[in-house]
S.K.: 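Take this structure first; my questions come after.
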Amino acid sequence: MFTQFEHFAATSLMGSPEEAPPRQDGHLHFDRDWEKMAFGVAIALSKQGHFEWEAFRQTLIETINEWETTHSLDDPEWDYYHCWLTALEKVAVESGVIAAGELEAQMTQLLDCKK
């Protein structure tokens with residue numbers, strides 16, 4: 001169950017179709033478990049005051065725009081939640097939640113565990 005803040009945060013991205021998280025039957029839709037985790041981590045870090053939600057939102061918009069300028073709009077590699085994760089990594093590093101080198105080390109360790 002979402003708190004009022006979480007509901008606001010989730011729905012504040014619903015302005016334009018290119019900003020909106022994927023939805024199915026009117027609900028947020030996640031194809032992979034890591035997408036739910038990345039979504040929840042972004043909301044939790046903002047809720048805890050590590051960064052403003054609007055800063056994350058703007059970083060996500062910039063990340064999507066960067067992807068669109070370097071890819072064809074019908075590129076099958078498009079993945080909203082990869083952009084979400086990239087934006088989350090950017091704001092987490094910029095806000096000092098985690099250092100860039102530490103993030104890279106943690107991701108390497110996590111990916112090595114999946115082998």
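Please read these numbers as outputs of a predicted model, since none were measured by experiment. The residues of the chain are indexed from 1 along the displayed sequence. Side chains are part of it too, since the values below use all heavy atoms of this structure and drop only hydrogens, waters and symmetry mates.
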S.K.: Which donor-acceptor pairs under 3.5 Å do the side chains of residues 93-102 make with protein atoms, sequence neighbours left out?
M.R.:
| from | atom 1 | to | atom 2 | distance (Å) |
| --- | --- | --- | --- | --- |
| Ser95 | OG | Val91 | O | 2.7 |
| Ser95 | OG | Ala92 | O | 3.3 |

S.K.: Between the main-chain N or O of Ala42 and the side-chain N or O of Ser46, is there a donor-acceptor pair closer than 3.5 Å?
M.R.: no
S.K.: Going by the rule side chain to side chain donor-acceptor pair (under 3.5 Å), which residues pair with Glu62 if we only count those two or more places apart in sequence or in a different chain?
M.R.: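 Glu62 satisfies side chain to side chain donor-acceptor pair (under 3.5 Å) with no residue once adjacent residues are dropped.
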S.K.: Pairs in or reaching into residues 73-89: which pass salt bridge (Lys or Arg N to Asp or Glu O under 4.0 Å), with residues at least two apart or in two chains?
M.R.: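 Applying salt bridge (Lys or Arg N to Asp or Glu O under 4.0 Å) to every pair that reaches into residues 73-89, excluding sequence neighbours, yields Arg32-Asp79.
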S.K.: Closest approach of Leu88 and Ala38, non-hydrogen atoms and distance?
M.R.: CD2-O, 3.6 Å
S.K.: Got Ile64 and Tyr80 here, is their nearest side-chain heavy-atom distance under 4.5 Å?
M.R.: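 Yes. Closest side-chain heavy atoms under 4.5 Å.
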S.K.: Among residues at least two apart in sequence or on other chains, which ones pass side-chain contact (heavy atoms from CB on, under 4.5 Å) with Thr86?
M.R.: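 Checked Thr86 against side-chain contact (heavy atoms from CB on, under 4.5 Å); matches are Thr63, Lys90.
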S.K.: If you group Ile, Leu, Val, Met, Phe, Trp and Tyr by side-chain heavy-atom gaps below 4.5 Å, do Trp78 and Phe30 land in one group?
M.R.: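 Same cluster.
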S.K.: If I take atom CD from residue Gln48 and atom CD1 from residue Ile43, how far apart are they, to the nearest 0.5 angstrom?
M.R.: 12.0 Å
S.K.: Residues in salt bridge (Lys or Arg N to Asp or Glu O under 4.0 Å) with Asp33, at least two apart?
M.R.: Lys36
S.K.: Sequence neighbours left out, what passes salt bridge (Lys or Arg N to Asp or Glu O under 4.0 Å) with Glu52? Give chain and number order.
M.R.: none
S.K.: Could you label the plane-to-plane angle of the His82 and Trp34 rings as parallel, tilted or perpendicular, counting under 30° as parallel and over 60° as perpendicular?
M.R.: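 Ring orientation of His82 relative to Trp34: parallel.
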S.K.: Show the nearest heavy-atom pair for residues Cys83 and Trp67, with the distance to one decimal.
M.R.: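 Taking Cys83 first and Trp67 second, the nearest heavy atoms are SG-CB, 4.2 Å.
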S.K.: Between Trp84 and Phe56 (judged by ring centroids, cut-off 6.0 Å), do the two rings come close enough to count as a pair?
M.R.: yes
